Structures are given as C-alpha cells and as structure tokens.
2 protein chains.
Amino acid sequence: MAPVKVFGPAMSTNVARVLVCLEEVGAEYEVVDIDFKAMEHKSPEHLVRNPFGQIPAFQDGDLLLFESRAIAKYVLRKYKTDEVDLLREGNLKEAAMVDVWTEVDAHTYNPALSPIVYECLINPLMRGLPTNQTVVDESLEKLKKVLEVYEARLSQHKYLAGDFVSFADLNHFPYTFYFMATPHAALFDSYPHVKKP
Amino acid sequence: MAPVKVFGPAMSTNVARVLVCLEEVGAEYEVVDIDFKAMEHKSPEHLVRNPFGQIPAFQDGDLLLFESRAIAKYVLRKYKTDEVDLLREGNLKEAAMVDVWTEVDAHTYNPALSPIVYECLINPLMRGLPTNQTVVDESLEKLKKVLEVYEARLSQHKYLAGDFVSFADLNHFPYTFYFMATPHAALFDSYPHVKKP
C-alpha cells in the first residue's frame, strides 16, 4: 500500500502536528514539500488538496484532507491499536477530556505562546523584522497564567486528559518545541509538573 | 436522571454552540446563568468547572467539562442514535470530513465573520463603542473569499462534510445567527448554495 502523503514544509508547526501523530502510531508516510516562495500553496494542484491554499494537506489514496487537527485525528483513528489509542473515542469521559485539553491548546495555550515564537524567532530570523518586546511581555504574562492552570492539572494527573497520554499532549509539542529555542525557555522551570512530561 | 447543566449566558455564541447540539439530539438540559457583571465567572465555584474562568462549562453528574466544542462533542456522542449521528466517528472518512469543516469554522470562517458581529452589534450595543469600519471592511473581504470556497463545496455536496448533516454545519449556526442581524446580512445572497441550508 502506498504510504500516506503530507504536503507542506515539515518545519511548519501545523505540519509538525500531523508528523508527530504519524510517528506516534508508527505509520509509513512521505512528506511532499510545498514551496511558498514559488507560491505553490496557491497552485491549482494544491487548491484541490486545500481550497484555502494553506498547509498542511494530506492524501491517503483518493482521500484528500486539510486542517492539521482533522488530519491528525484521521491518522490516530486509522492506525489505532489497543496499545496506541490517543483519542479514546470508545470511552465517553476519556474522549471528552482529550477534547477539552485539545481545545485548550488551540484556543488558550497557543494564542499565549505562539506570539513569543513569532516575535523571538520567526520575525527576526525569517522575515528580517525586529522583535516587538511589548507583544513578548504581554504574551509572557498571559502564558504564566495559562501555565499555572496546567501546573495544577498536571499535579493531579500524569497527562493533560488524565493518567494516559493522548492527542491533547501531542498537540502541545510543535509550538513548545520552538518556544524552547527562544530566550524565554527557562520560564517552564517554574512549573515542574509541566516541564516533566 | 437529573438533566445535564450548561453554565453561561445563553446569548453567548459558545454557549449557543452547546445548546444547538443539545436541541439537535433532544436531550433534557438546564441552563444556569453566569453573571459576568458580578464576576461570577471568576468565582471559586466556577473555577472548579472551568479553571480558566470562562464560559460555557458543563455538568453531567460528577463529570465537569469546559470548552464549547469539547462539550458539544460529548453531547453528540452521549445521545447518538442511528438516526442522529452528527460526528460519524464510526466511519473513518466521514468523521474526517466532519473534523475538517469543524476546524474550518474555528480557524477560517469565525475569524472572518466574528469581527463584523463584534463591530456592528456587540461593541455599539453592549459596550457603547463605535463601529470600526476599517475592521468591518477588511473582514467582509476575507469573508467573501471564505464564502466562495463554501459555495463551491456546497454546490457539490448537500452539507459541509458531505451529503449528511453534521456537527460541522451546526458549528456555523451561532455566529451566523448574529451576523444575520448586522447590516451586512445580504452578503449571503450572492452565495445561493451557502444560503440554502
């Protein structure tokens, strides 16, 4: 069977979200780079994969998908085993807690953390723009409040959704990976239960 | 059995997302208002329900949930029947398409449409702030591009995820409902397949 294909640069956090899941389930896959400088993401070929002209896109045989969280969940469902069940959709309460903390990543954690990654890494290194320190400082204050809630949660449970690793945890990897390359990585030292897993 | 409880003002779009799903599955429920002026959302009782002090929150017996999309999915799973299966998690491809268009609502449709609702309704009517016409105009341009993609999709399929109604469609109701009370409601007339369902 042909391996599934992920379209987009692997360094993008949204592409990485899909790749982390593919690695976690041990699936065979191929990454097809999309050249943004050549506007390949707006090409007719790519618009068939993603009508909004964004990345990632995904192909499994004749099935085309886009939106990183939707692709990731497809991967986790398709390759689910008794040992690797990261969505827990067979258990009403566990699935709900996976969903809760997946949404927290999307709507609370990422919006606090990602501006720091943009201002400290992406803007200066890739776009030649200066770091806006006001944005960084405001985001750090927001992030501290978010991490206080995470610290309390992870003092009571081994992982975000409960005492089992899940999609909710994996979702946090891509942006946190880049955050750890900013000058503010030591912030996590104040939250030992967050840092541990 | 005690009815499930939804905490938060019913006029909030995120609370409405949950209520639409409860109505769709015909579940018995109770809405418990949260008084924002009295800072009830930051009270110790509410922080147990939602550690970020936001609404909605949800209670089903001893299970407490927050994040509207997570609550909504719990409701749709719990009350799923052969007739009313709005997540289609038993079908790999259908579930993926429900997820794709649910994510599009969260990350593309709402970010284009919601600033218009804020500027035309919420700011002038609830906060005594003037409408920022630049924001409205920019958002309308974004929304037109989004609606072009929706029009193409809904010319090929009866509903967003395919030829079956799903959570993806329901997600669009709360903000679109308020958009229809703005002076820009007629925008949808240019997209007949979007307007129809």
Side-chain angles (χ1 to χ4, degrees), chain A residues 14 17 47-54 57-58 60-80 87-110 112 142 145-146 148-153 156 161 168, chain B residues 14 17 47-54 57-58 60-80 87-110 112 142 145-146 148-153 156 161 168:
Chain A
N14 285 329
R17 183 193 319 281
L47 288 172
V48 171
R49 298 177 200 123
N50 180 340
F52 296 101
Q54 295 163 341
F58 177 85
D60 183 6
D62 60 358
L63 179 69
L64 293 171
L65 297 177
F66 59 102
E67 280 290 341
S68 62
R69 291 173 184 83
I71 299 168
K73 287 164 68 182
Y74 173 82
V75 165
L76 297 182
R77 285 189 195 114
K78 174 167 172 157
Y79 298 99
K80 176 175 94 88
L87 295 173
R88 302 262 170 164
E89 285 173 353
N91 181 310
L92 201 53
K93 288 188 182 184
E94 290 179 351
M97 295 318 291
V98 174
D99 285 338
V100 166
W101 289 94
T102 296
E103 296 293 335
V104 170
D105 171 69
H107 303 293
T108 308
Y109 182 84
N110 269 353
K142 273 189 211 166
K145 286 182 188 145
V146 174
E148 279 168 27
V149 175
Y150 275 61
E151 180 67 11
R153 174 78 188 163
Q156 293 175 323
Chain B
N14 286 328
R17 182 192 321 279
L47 288 172
V48 171
R49 297 176 201 124
N50 180 340
F52 296 102
Q54 294 163 342
F58 178 84
D60 183 6
D62 60 359
L63 179 70
L64 292 172
L65 297 176
F66 59 102
E67 280 292 339
S68 63
R69 291 171 185 85
I71 299 169
K73 287 164 68 183
Y74 173 82
V75 165
L76 296 182
R77 284 189 195 113
K78 173 166 174 158
Y79 299 97
K80 176 175 93 90
L87 295 172
R88 302 261 170 161
E89 285 173 353
N91 181 311
L92 202 52
K93 289 189 182 184
E94 290 179 351
M97 296 317 291
V98 174
D99 285 339
V100 165
W101 290 93
T102 296
E103 296 293 335
V104 170
D105 171 69
H107 302 294
T108 308
Y109 182 84
N110 268 354
K142 273 189 212 167
K145 285 181 190 147
V146 174
E148 278 168 28
V149 175
Y150 275 61
E151 180 67 12
R153 174 79 188 161
Q156 293 175 324

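Proteins get letters first, then strands, A, B, ... in listed order; numbering begins at 1 in each. Computed from a prediction, not measured in an experiment: that's the story for all the values here.
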Quiz prompt | Least distance between heavy atoms, A:His107 atom then B:Ala106 atom | solution =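 Taking A:His107 first and B:Ala106 second, the nearest heavy atoms are CE1-CB, 4.5 Å.
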Exercise. Heavy atoms only: give me the nearest A:Arg17-A:Asn14 pair and the separation to one decimal.
Key: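 Taking every non-hydrogen atom into account, NH2-OD1, 3.0 Å.
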Counting C-beta onward and ignoring hydrogens, is there a side-chain heavy-atom pair between [X] and [Y] closer than 4.5 Å?
X: B:Glu89; Y: A:Arg77; answer: yes
X: A:Glu67; Y: B:Asp99; answer: no
X: A:Lys73; Y: A:Leu87; answer: yes
X: B:Met97; Y: A:Leu65; answer: yes

Which region of [X], side chain (C-beta onward) or backbone (N, CA, C, O), has a non-hydrogen atom less than 4.5 Å from a non-hydrogen atom of chain B, or is it both or neither?
X: A:Asp62; answer: side chain
X: A:Val98; answer: neither
X: A:Val100; answer: both

Count the heavy-atom pairs under 4.5 Å between each of [options] and chain A, then report the option with the highest count.
options: B:Leu92, B:Leu47, B:Thr102; result: B:Leu92
options: B:Gln54, B:Glu148, B:Arg153, B:Lys78; result: B:Lys78
options: B:Trp101, B:Tyr74, B:Phe52; result: B:Phe52

Exercise. Determine the option with the most heavy-atom pairs under 4.5 angstrom with chain B, choosing from A:Ile71, A:Val146, A:Val104.
Key: A:Val104
Quiz prompt | Portion of B:Ser68 that has a non-hydrogen atom of chain A nearer than 4.5 angstrom | solution = neither
Quiz prompt | Part of B:Phe58 within contact of chain A (heavy atom distance under 4.5 Å) | solution = neither
Exercise. Would you mind checking if B:Asp60 and A:Lys93 are paired as a salt bridge, meaning a charged N to carboxylate O distance below 4.0 Å?
Key: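 Answer for the salt bridge query: no.
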